[in-house]
Amino acid sequence: MALLEIKNLHVYYGHIHALKGINLTVDEGEVVTLIGSNGAGKTTTLRAISGLLKTTEDTSVMYDGIELRQLRPHQIVEKGVIHVPEGRRVFSRMSVQENLMMGAYARKNRHQIADDLAYVLKLFPRLQERRAQHAGTLSGGEQQMLAMGRALMANPKLLLLDEPSMGLAPVLVETIFDSIEQLNKQRGITILLVEQNAQMALSIANRAYVLETGRITMSGNAQEMLHDEKVISAYLGL
Amino acid sequence: MFANLRRKYDFTDVLLWLIGGILLIFILYGSIVTLTSGKYTTAQWLNFIVFGLAQGGIYALIALGYTMVYGILGMINFAHGEFFMLGTFGAFFMAEALSATGLLESNWVISILLMLAAAMIVSATVAILAERIAYRPLRRAPRLVPLITAIGVSYFLQYTARGLFGSGVEAFPNVPALAGSIAVGPIKIQNTQVAVFIATAVLLLLLWLFVSKTKVGRAIRSVAEDKDAAALMGVDVDRTIAISFAVGGIMAGAAGVMYGLVFRQVAFYMGFVPGLKAFTAAVLGGIGNLAGAVLGGLILGVIESVGPSLFLEGIGIPAPHQLKDGIAFTVLVLILIFRPTGILGERLSKRA
Ligand SMILES: Nc1ncnc2c1ncn2[C@@H]1O[C@H](COP(=O)(O)OP(=O)(O)OP(=O)(O)O)[C@@H](O)[C@H]1O
Ligand SMILES: [Mg+2]
């Protein structure tokens, strides 16, 4: 069953027509990746889903039977759609602990929050060591772990990840992708993953979409795409 | 060698440093002359300082509103002084009513709490309305637009108050229990000043707890740092901004009660000068920084109270106390020249 169903998504920045009618679905329990080069509109797509950007009237973003276009960003978070933005955007003037608690901002149940905190600190032991440290002083990799941990504190049903591998050393990229797989398999979190690292993204995804200057140009099974001539020449850099 | 210097500093920089330097020399010279003349005793200086701290506490409470709104929206809310003025009117009408029922004489603690409640409610309501009606629609507009709007809001509120309450100066009712003064060694402290110290300290403590320990406080800090990221955490950004305005209004209302108790008057134009001075205090401490607003308020209050006798009399200015207001703005100019970030502040130029 489709957890997220986007139909005819258009976004304008002033006169710039950034998304030109995107159709995309994510089924419950899937990992779907959206790949594409710089400026294709990947970030714009995620920001439109989470309500940070205005979409046109004829756009439809259905999630779990709800039209997200009618909701404001904080209400979309309350529905379980959690977005880890491009560039991490951790709160640099807050401690690691406070950042994690910001993730749980919309939640009430203290026991569940405490359980999830324990889970996150086990998943990223690095954060445990640095709980009292200001987030602004963390390394890039640690900030990415914090951004992911913070999102998990929100108890996501659908996780939107915007280039989690950006700027990370290969070892860390492995760690981050391992944890993404783990979240999907162990916690049953549905994932929409935006990546420029197509190789990595396709290797963990069930299905994939290719975005080029605001249009979906290809879609299908992720494994098959890994071997597709066009994808290889354009995105796998071989 | 001169060519080298000229490359590093342009003409206006040098000119500003020159002006600043001359002002500093005058201040130092005046202070030395006054101190060596022995015109004032230590007790008198201490009294000046106590008076300055009481005045500075009021500036600090108002400055918090400037700094909170700046921290969260990067905007200087020039109407904030009017929130303070309207709060003082709220306290004034409450005091009149209490005086009529006799409660002001019989139970001063409850009376002051009621005056605080009235002033805080009025100031916070006006702050919330100003944000909702005037500023929120302009949030994505260029910086200059909300700034000009704020000046418009300021005039609108001033002249509304003038229309409603008249253009004269009203005497704030006397609270008999606060009439006297206490002596601490050689220093004489007015009871009203004691009340200002206590109330200010309590409010600052509560504000600090609110901002640093509560969930809403954390939301305010998150919105101040990154609005989109805060929204992605489930924070209602609009509501949080409204709350910040309300908190600034509450502090301004409290300042209004203090002002009424110490200076015993209200008038429609009374928000302007204290507003500008509190803004100066916020810049002095480092705008956007809450601790800075408090520090800046206290320092400005003391400089203003000590300054006329200390350095203006020394350089032979005939009526130094008339120039008290000039001191605050000289301080503003000096900070903007020598330390635009303020004492505790980060970058100012990047935003405003
Ligand atoms: N705030 C904005 N104002 C105007 N144009 C914008 C804005 N944000 C993005 N764009 C434009 O929209 C297009 C899509 O941008 P987007 O950020 O979605 O790309 P992306 O696929 O995420 O790229 P990258 O891989 O570099 O992050 C680009 O052409 C970009 O220049
Ligand atoms: Mg992007």
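Letters A, B, ... are given to chains in the order of the sequence lines, protein chains preceding strands, and every chain is numbered from 1.
Here the shortest heavy-atom pairing between B:Ala199 and B:Met258 reads CB-CE, 3.1 Å.
Between the side chain of B:Ser154 and the main chain of B:Ala150, no donor-acceptor pair closer than 3.5 Å is present. Distance alone, capped at 3.5 Å, is enough to place a donor-acceptor pair between the A:Glu195 side chain and the A:Asn197 backbone. Proximity of a side-chain donor or acceptor of B:His80 to a complementary backbone N or O of B:Gly275 within less than 3.5 Å is not detected. Of the possible polar contacts, none joining the A:Lys42 side chain to the A:Ile35 backbone as a donor-acceptor pair under 3.5 Å is found. Judged by distance alone, with hydrogens and angles left aside, the side-chain atoms of A:Asp27 form no donor-acceptor pair with the main-chain N or O of A:Glu30 at under 3.5 Å.
Looking at heavy atoms from C-beta onward, B:Arg139 lies in side-chain contact with B:Ile241 at the 4.5 angstrom threshold. Side-chain contact check for B:Phe245 versus B:Met68: every heavy-atom pair is 4.5 Å or farther apart. Side-chain contact between B:Leu232 and A:Pro85: present, with at least one pair of heavy atoms (C-beta onward) separated by less than 4.5 Å.
A salt bridge links A:Arg107 with A:Asp116: the closest approach of a Lys/Arg side-chain nitrogen to an acidic carboxylate oxygen falls below 4.0 angstrom. Salt bridge annotation for B:Lys227-B:Asp238: absent, with no cationic side-chain nitrogen under 4.0 angstrom from a carboxylate oxygen.
Heavy-atom neighbours of chain B within the stretch residues 119-157 of chain A, taken at a separation under 4.5 angstrom, comprise A:Arg150. Of residues 67-80 of chain A, those residues lying under 4.5 Å from chain B by any heavy-atom pair are A:Arg72, A:Pro73, A:His74, A:Val77. Within residues 52-66 of chain A, the residues approaching chain B closer than 4.5 Å by heavy atoms are, in numerical order, A:Leu52. Of residues 177-184 of chain A, not one residue has a non-hydrogen atom less than 4.5 Å from any non-hydrogen atom of chain B.
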*asked:* Run the side chain to side chain donor-acceptor pair (under 3.5 Å) test on A:Gln196 and A:Ser37 for me, step by step, so that the C-alpha distance in whole Å, both residues' side-chain angles and the decisive distance to 0.1 Å come before the verdict.
replied: CA-CA 6 Å; A:Gln196 280 202 53; A:Ser37 44; over 6 Å; no

*Between B:Tyr70 and B:Asn77, does a side chain to side chain donor-acceptor pair (under 3.5 Å) hold up when you go through it step by step?*
CA-CA 8 Å; B:Tyr70 184 84; B:Asn77 174 21; over 6 Å; no

*Would A:Glu28 and A:Thr190 satisfy side chain to side chain donor-acceptor pair (under 3.5 Å), going step by step from the backbone distance to the final call?*
CA-CA 6 Å; A:Glu28 196 150 3; A:Thr190 307; 5.5 Å; no

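Between the side chains of A:Ser92 and B:Glu225, a donor-acceptor pair is found at a separation under 3.5 Å.
Interface summary for chain B: among A:Met102, A:Arg88, A:His83, A:Met94, the most heavy-atom pairs under 4.5 angstrom belong to A:Met102.
Under the 30°/60° scheme for interplanar angles, the aromatic rings of B:Phe279 and B:Tyr66 are found to be tilted.
One distance of note links CG of B:Leu53 with CD1 of B:Ile58; it measures 11.5 Å at 0.5 Å rounding.
Interface remark: A:Val90 contributes backbone atoms only to the contact with chain B (heavy atom separation under 4.5 Å).
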